[in-house]
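Reading through the structure tokens given below for one structure.
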Protein chains: 2
Amino acid sequence: MSDNLASKITDSELEVMKLLWRAKDALPVTEIREQLQGSKGWEPATIKTLIARLVSKGVVHQEKRNVYYYSPVITEKDYSSWATKDLITRIYNGKASELIASLVNSNGLSQADIAELREMFKVEE
Amino acid sequence: MSDNLASKITDSELEVMKLLWRAKDALPVTEIREQLQGSKGWEPATIKTLIARLVSKGVVHQEKRNVYYYSPVITEKDYSSWATKDLITRIYNGKASELIASLVNSNGLSQADIAELREMFKVEE
DNA sequence: AAGTGCAGTTTACATTTGTAGCTTAAGCAA
DNA sequence: TTGCTTAAGCTACAAATGTAAACTGCACTT
């Protein structure tokens, strides 16, 4: 995923993306609204603006049916790993190991995390 | 470090912070400028603005001598781990292990990183 | 003592982001 | 058919951000 796509997803827009990622299929504004109005307390107009911006940024696709249906163009995984690499570039001198060391040293890992990681690195090759 | 400090450091401001973190002692504007003008191509006025904003945000301390000397109030480590936790909260459901899993799956780790991690989580208790 | 230069402060201005209203047109209810 | 509802598009507007100029006063030079 290129920088000019993901880097432009703002916090508010990300909430919309998360919703679209969770959905199996494309969603009409109605449903997007239903789910965000409660959780975020946004006005319908706000949600429309966010969707429009995501579409114009090319990260959400709109498909005309009776009404427009929206779906993500980029996957959540792609976005996540892009954001992670971006963090590593910006503040860990580009070294993933520094990020992890920081996590370990700042007690950023729960016991559960550690157990999980121990599993992960036991079998991984 | 509380959210209201670190969350307000913007990208441009971060460049100034990085410089201050690298410095052993407090620096006068002159030196900050010298180092940033080349690397970032910023006008002196821009650099002054960034410093002023950092001071007003409380993340940089200014000490009056002949002229003001500036030094970071928060450490780079604190900032890094705050930023990392923020990322985990925002896009990894609060689970550090998901971040690491993402790194592993997206080839974000070098062989050396992986070896290091295997060591790290082999002995940890 | 007067002039210059630059630190420090104030102001500026375009773009992005967060948040939302207004307008237009089309579908559905009456 | 007439109007109500609402999707879609356009406009709005304050705060934050990136970038920088203008102003002010002090220190150092001549």
Side-chain angles (χ1 to χ4, degrees), chain A residues 3-20 23 26-71 79 83 86 90-91, chain B residues 3-20 23 26-71 79 83 86 90-91:
Chain A
D3 185 72
N4 49 36
L5 289 185
S7 67
K8 291 189 184 304
I9 297 180
T10 70
D11 285 347
S12 293
E13 288 164 4
L14 187 58
E15 294 304 316
V16 177
M17 290 304 287
K18 283 180 181 171
L19 174 54
L20 294 178
L27 299 179
V29 182
T30 338
E31 285 201 43
I32 297 178
R33 246 195 5 226
E34 246 172 53
Q35 297 188 55
L36 290 179
Q37 240 170 327
S39 58
K40 310 300 297 181
W42 286 331
E43 292 300 313
T46 302
I47 296 170
K48 283 188 213 166
T49 298
L50 295 175
I51 295 173
R53 287 181 182 166
L54 286 167
V55 170
S56 82
K57 284 175 182 180
V59 290
V60 161
H61 169 75
Q62 60 179 183
E63 185 198 343
K64 183 80 175 173
R65 294 187 199 171
N66 209 339
V67 105
Y68 280 115
Y69 276 68
Y70 302 90
S71 53
Y79 177 72
D86 181 59
R90 286 190 306 106
I91 75 184
Chain B
D3 185 71
N4 50 36
L5 289 185
S7 68
K8 291 190 185 304
I9 298 181
T10 69
D11 285 347
S12 292
E13 288 164 4
L14 187 57
E15 295 303 317
V16 177
M17 290 305 288
K18 283 180 181 172
L19 174 53
L20 294 178
L27 298 179
V29 183
T30 338
E31 285 201 41
I32 298 179
R33 246 196 3 227
E34 245 172 55
Q35 297 188 54
L36 289 180
Q37 240 172 326
S39 57
K40 312 297 299 180
W42 285 330
E43 291 299 314
T46 302
I47 295 170
K48 285 187 209 168
T49 298
L50 294 175
I51 294 173
R53 285 182 183 165
L54 286 167
V55 169
S56 83
K57 285 176 182 180
V59 291
V60 161
H61 170 75
Q62 59 180 185
E63 186 199 344
K64 183 79 175 175
R65 294 187 199 171
N66 211 338
V67 105
Y68 279 115
Y69 275 70
Y70 301 91
S71 53
Y79 176 72
D86 182 58
R90 287 190 306 105
I91 75 185

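First the proteins, then the strands, lettered A, B, ... as listed; each starts at 1. Everything quoted here is computed from the prediction, not taken from an experiment.
Taking only side-chain atoms of A:V29, from C-beta outward, the nucleotide of D:dA8, C:dA20, D:dT19 with the closest atom is D:dA8. Minimum atom distance to the side chain of A:D11 is reached by C:dG18, of the listed C:dG21, D:dA21, C:dG18.
Toward the 5′ end of DNA chain D lies the nearest nucleotide of A:N66, the other residue of the pair A:N66 and B:E13 mapping further downstream. Ranked by how close their nearest DNA chain C nucleotide is to the 5' end, B:P28 and A:S12 are led by B:P28.
In this structure, B:K40 atom NZ and D:dG18 atom P are separated by 11 Å, rounded to whole Å. Counting to the nearest Å, the C1' atom of D:dT17 and the CD atom of B:E15 are 14 Å from each other. One interatomic measurement links the two molecules: NZ of A:K48 to P of D:dA12, which rounds to 17 Å at whole-angstrom precision. When rounded to the nearest whole Å, the span between CH2 of B:W42 and P of D:dT19 equals 6 Å. With rounding to whole Å, A:I47 atom CD1 is found 12 Å from C:dG21 atom P. Remark: C1' of C:dG8 and CD1 of B:I32 are 13 Å apart, rounded to the nearest angstrom. What separates CG of A:L54 from C1' of C:dT19 is a distance of 15 Å, to the nearest Å. Atom CD in B:Q62 sits about 8 Å away from atom P in C:dG8, given to the nearest Å.
Taking 4.0 angstrom as the limit, B:T46 places none of its side-chain polar atoms (N or O) nearer than this to OP1 or OP2 of D:dT19. Checking the phosphate oxygens (OP1, OP2) of C:dT17, a side-chain nitrogen or oxygen of A:K57 falls inside 4.0 Å. Regarding contacts with the backbone of D:dA8, a side-chain N or O of A:Y70 is found under 4.0 angstrom from either OP1 or OP2. One finds no side-chain N or O of A:T10 lying less than 4.0 angstrom from the OP1 or OP2 phosphate oxygen of C:dT16. An OP1 or OP2 oxygen of C:dG8 is reached within less than 4.0 angstrom by no side-chain nitrogen or oxygen of B:Y69.
Below the 3.5 angstrom threshold, one finds a donor paired with an acceptor across the side chain of A:R53 and the base of C:dT19.
Across all strands shown, A:R33 has heavy atoms under 4.0 Å from sugar-phosphate atoms exclusively, and none from any base. Using a 4.0 Å heavy-atom distance criterion, A:T49 is classed as a base contact.
Remark: side-chain polar atoms of B:T49 are paired, donor with acceptor, to backbone N or O of B:A45 under 3.5 angstrom. With A:E31 contributing its side chain and A:P28 its backbone, the two residues share no donor-acceptor pair below 3.5 Å. Using modelled atom types, one side-chain atom of B:K57 and one backbone atom of B:K8 make a donor-acceptor pair closer than 3.5 Å.
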List the steps and the verdict of side chain to side chain contact (heavy atoms under 4.5 Å, CB included) for A:E15 and A:W42. CA-CA 11 Å; A:E15 294 304 316; A:W42 286 331; 3.8 Å; yes
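Distance check, rounded to the nearest 0.5 Å: CD of A:Q62 to OH of A:Y69 gives 13.5 Å.
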